[in-house]
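Chain letters run A, B, ... following the sequence lines, proteins first and then strands; every chain starts at 1.
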Number of protein chains: 4
Amino acid sequence: MGKHLSDNGYSRVTLRMGRYARKVSTGPAFKRLPRAVREQQMLDSAVRVFSRRGYHGASMDEIAEVAGISKPMVYAYLGTKEELFVACLHRESTRMMEAIAGAAAPDLPADERLWRGLRAFFGFVGAHRDGWAVLYRQARAEQPFARELTAMRARLVEVVAGMLDHALRAEGREVAGTELEVVAYALVGASESLADWLADHPEADPEKTATRMMNVAWLGAAQLLLGITWHPPEP
Amino acid sequence: MGKHLSDNGYSRVTLRMGRYARKVSTGPAFKRLPRAVREQQMLDSAVRVFSRRGYHGASMDEIAEVAGISKPMVYAYLGTKEELFVACLHRESTRMMEAIAGAAAPDLPADERLWRGLRAFFGFVGAHRDGWAVLYRQARAEQPFARELTAMRARLVEVVAGMLDHALRAEGREVAGTELEVVAYALVGASESLADWLADHPEADPEKTATRMMNVAWLGAAQLLLGITWHPPEP
Amino acid sequence: MGKHLSDNGYSRVTLRMGRYARKVSTGPAFKRLPRAVREQQMLDSAVRVFSRRGYHGASMDEIAEVAGISKPMVYAYLGTKEELFVACLHRESTRMMEAIAGAAAPDLPADERLWRGLRAFFGFVGAHRDGWAVLYRQARAEQPFARELTAMRARLVEVVAGMLDHALRAEGREVAGTELEVVAYALVGASESLADWLADHPEADPEKTATRMMNVAWLGAAQLLLGITWHPPEP
Amino acid sequence: MGKHLSDNGYSRVTLRMGRYARKVSTGPAFKRLPRAVREQQMLDSAVRVFSRRGYHGASMDEIAEVAGISKPMVYAYLGTKEELFVACLHRESTRMMEAIAGAAAPDLPADERLWRGLRAFFGFVGAHRDGWAVLYRQARAEQPFARELTAMRARLVEVVAGMLDHALRAEGREVAGTELEVVAYALVGASESLADWLADHPEADPEKTATRMMNVAWLGAAQLLLGITWHPPEP
DNA sequence: TATGAATGAGAGTTCATTCAT
DNA sequence: GATGAATGAACTCTCATTCAT
């Protein structure tokens, strides 16, 4: 039962009998930390627990315990379970978007940008498999977080569509916004799927995965650039 | 709380007196139905409720109520909530696979097959938006169903990879199995994403969505057929 | 799950899915049996299931299944679960009392009678370990059956007390009824305990257990016959 | 159904409106008590309820209500129903063993020790009829507790066997361990039976019951001391 | 600031028991 | 006579959330 003792350096031991733990703060340094630090501790724990157990499987009890803090503090600092989850989502997605944006500088040629973006993306997912699991897999399934998630995905789609558009214009071509978006949406979806797969395979290499996705994406996109399209056969 | 009165013709209502409920079977025709029929009713309700509320949000109580029977019958016939969900998954995924397989006859040319397969797929999703939500969105998020889901996705990937392989060989070319699979995986992922999007947009046209996906897929694949690949730049 | 298929020759197979079994009657001979026979089948099954699972652990479902009969029949023939249990109790205790009474003929000398009675008792327990478990262990714990049990024990006590009294009178001595009864009660209690032990040790030899009990009982009783008693020391 | 209102001074009442209940904390003093205190309250209630209704008949709801707290606290502090029962068993049996051990000092002559031990035993049972009912009658019937119970009984048997052995050696005699143990087992069984009887007869006098048991035990044992044994007749 | 103590509400699951065929 | 279908009623257990100290 003592399965989730804090393994992150925060100090708090749990002697079990019944369900409520007999909690004992240990170690010399159990300081009153400034709020900001505590909040990060909590988010760290929350992300870890959410990704280990899923949104529903996670209990506020465990999150607090892993954070080395009492439950009321969690509520005081970060609010409801739902709010807490949103906070996690927020932090992680911001980090991810920053990683991608930082890598894919807007002044590079389109394929270079796409490649760097993908590499950053899969690199991030690979390095934060936990975060990704929270970010996407959970959020996708639970209505309350759909909005947050949709927003984030929209940003990605926009970035990708922008890239394509840029490349097309460079070629002197132009494609309807909707069409572009759908293609972008599909590419983002494909990336998500591969990211899922990456998160599930700890031994997999992010770089290689990025290369694979690049093949699919770029080659697919290239067609578009060449103005080739497919039409359904007449019935 | 009288939120989920049965809206499917099955008759069982919940009368409320103050805070409390009392279930009453109503209507003249409350026949004892044979097991097979009841099971389908239950699965229908379960699919609906699961997709409306999500796996965790769904309660066995509501499922039973919507099905127009008492909870114990659900347990008697279909077992645990988890088992029930798996049963839904099973039925829906079987139906879907059958729809696809029925459409994409193996003796057609590759692009024709792919197109028909996609059309069937999006057609199915569009027609069973409920089922799709159960099938994928929920299952992806909950560990216990991952296996079932993975298996199904694997079947899809296999089909797609087979298609590509077939087309390649017709062109006298050959590609390593792994590579094919990753491409297939990405395409399946892209389709899933568009399906998600379709499920969320009741007004969207399945046929058009299929066309879009076909563009991405076939054109991307076409490159592969031509032997064009992309490689990461030397650092 | 198919753990308790009937292993007593009655023919009924159970295909599981969900909780309700899909029951199928098999074999050529699934006759409509006369009531008396059916009742014995049921009691057999009930005794077995009760002793395997305990009164509460036993379910009417399982009892019916083991009996190879549908639940409503059990209710029709033997009534409520409680009544069914009492019926078991009754049958088993009657059998046991008959075994004992048959062995300990009243015209034998006291020690001979006691010995034969004990031998019969432990023999019976050893041969019907199931029955004993139902009879005593369960019944002792559940209030509703206390009366039945008490009655039966009373009969035993009476028999034993009678024996002692007879022996005493033969020696020209006499002891107050109450005293006799308490001694008898204690001896019965000791026997029950050893019976419990015997029921739990399948390899144990009833005859030897009887001998041991005889030693305790008869030697203890012998003192009584000699008029020796113990008194608490003056404070 | 308002059958189990708290009758021990703890304050928590169940108000009924029609068929339904609403729990309300009453009284002016509804303090937050320290864990240790609450735990004892809970154990008190649990012992009482278990002995009144039996293990299965007892509901966690009632136990909580009688203890004057909410159900979750019971789970928080003492765990599952099963664990709770074991905790009761533990506390009561420890108390009892202490009572006995405290009375029967090892340096007394054997008969004196036996007498004091029995007096303490029946005294305890008489004073804690509730506890005894929990301790033995329930535990005997339910498999999960058999081990705990067996362990405790084994301790008793050991004590008694030790006593006998001691006395025998003082007489310069020696008896095989197994034989001693069986005799001890039987004596313990006899005591348990009388204890059962005592628990069922509120008016009965523990001291007198102890005397009676002493008669049976000591006199029976005395034979052993004299080297007299009984053998089955040759067939 | 920080926490132990406390709880309302509800979910899944099981069972004895009975109709209706 | 026999059974599949059906259900009311509990019961255990968990969890997010909040006082009171």
Side-chain angles (χ1 to χ4, degrees), chain A residues 19-23 25 30-35 38 56 58-64 69-77 79-82 84, chain B residues 1 12 19 22-23 25 30-35 37-38 56-64 69-77 79-82 84, chain C residues 19-23 25 30 32-35 38 56 58-64 69-77 79-82 84, chain D residues 12 19 22-23 25 30-35 37-38 56 58-62 64 69-77 79-82 84:
Chain A
R19 287 295 165 274
Y20 260 26
R22 241 184 255 270
K23 277 167 211 150
S25 302
F30 204 60
K31 300 209 209 112
R32 307 203 158 201
L33 300 178
R35 174 161 188 144
R38 276 276 197 253
H56 286 283
S59 79
M60 295 299 269
D61 264 305
E62 184 175 356
I63 291 172
I69 252 174
S70 76
K71 242 188 312 175
M73 288 302 306
V74 179
Y75 279 90
Y77 281 6
T80 319
K81 187 183 187 184
E82 208 170 304
L84 174 56
Chain B
M1 291 260 168
R12 197 140 217 268
R19 286 176 45 67
R22 183 190 297 283
K23 274 167 214 148
S25 304
F30 202 59
K31 296 220 211 93
R32 307 204 154 204
L33 300 177
R35 177 172 186 146
V37 177
R38 278 285 193 242
H56 287 283
S59 81
M60 295 298 270
D61 263 308
E62 184 175 357
I63 290 172
I69 21 141
S70 71
K71 234 188 321 176
M73 283 305 294
V74 180
Y75 280 90
Y77 283 177
T80 316
K81 189 183 187 185
E82 206 170 307
L84 174 57
Chain C
R19 287 295 166 274
Y20 259 28
R22 243 184 253 270
K23 277 167 213 152
S25 303
F30 203 60
R32 310 204 155 200
L33 300 177
R35 175 160 189 147
R38 276 278 197 251
H56 287 284
S59 78
M60 295 298 270
D61 264 306
E62 185 175 356
I63 292 173
I69 251 173
S70 76
K71 244 188 309 176
M73 287 303 303
V74 179
Y75 279 88
Y77 281 6
T80 320
K81 189 182 186 185
E82 209 169 303
L84 173 56
Chain D
R12 196 141 218 268
R19 287 175 44 68
R22 183 189 298 281
K23 273 168 215 148
S25 302
F30 202 61
K31 298 221 210 90
R32 300 195 163 214
L33 300 178
R35 177 172 184 145
V37 177
R38 278 284 193 243
H56 286 283
S59 81
M60 295 300 269
D61 264 307
E62 182 175 0
I69 22 143
S70 72
K71 231 186 325 175
M73 284 304 294
V74 180
Y75 280 91
Y77 283 177
T80 317
K81 189 182 186 184
E82 206 169 308
L84 173 58

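When all heavy atoms are compared, the tightest approach of A:Ser70 to A:Ala64 is C-CB, 4.1 Å.
Taking NZ from B:Lys81 and CE from B:Met60, the interatomic distance works out to 7.5 Å, rounded to the nearest 0.5 Å. Atom OG1 of residue C:Thr80 and atom OH of residue C:Tyr75 lie 7.0 Å apart, to the nearest 0.5 angstrom. Note that the CG atom of B:Leu33 and the CD1 atom of B:Ile69 stand 9.5 Å from one another [nearest 0.5 Å].
The side chain of B:Arg38 contributes an N or O atom lying less than 4.0 Å from OP1 or OP2 of F:dA6. For F:dA5, the OP1/OP2 oxygens have a side-chain nitrogen or oxygen of B:Tyr77 closer than 4.0 Å.
With rounding to whole Å, D:Met73 atom CE is found 15 Å from F:dT14 atom P. The distance from atom CD1 of B:Ile63 to atom P of E:dA11 is 11 Å, rounded to the nearest whole Å. The distance from atom CD of D:Glu62 to atom P of F:dT12 is 11 Å, rounded to the nearest whole Å.
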**OP:** Between protein and nucleotides 16-21 of chain F, map the contacts as a letter string: B base, S sugar-phosphate only, - none, heavy atoms under 4.0 Å, written 5' to 3'.
**Re:** SBBBS-
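Residues that satisfy the side-chain contact (heavy atoms from CB on, under 4.5 Å) test with A:Tyr77, not counting sequence neighbours, are A:Arg35, A:Arg38, A:Glu39, A:Met42, A:Met73.
Secondary structure note: stems in DNA chain F built from 3 or more consecutive Watson-Crick or G-U wobble pairs under 3.5 Å occupy E:2-21 with F:2-21.
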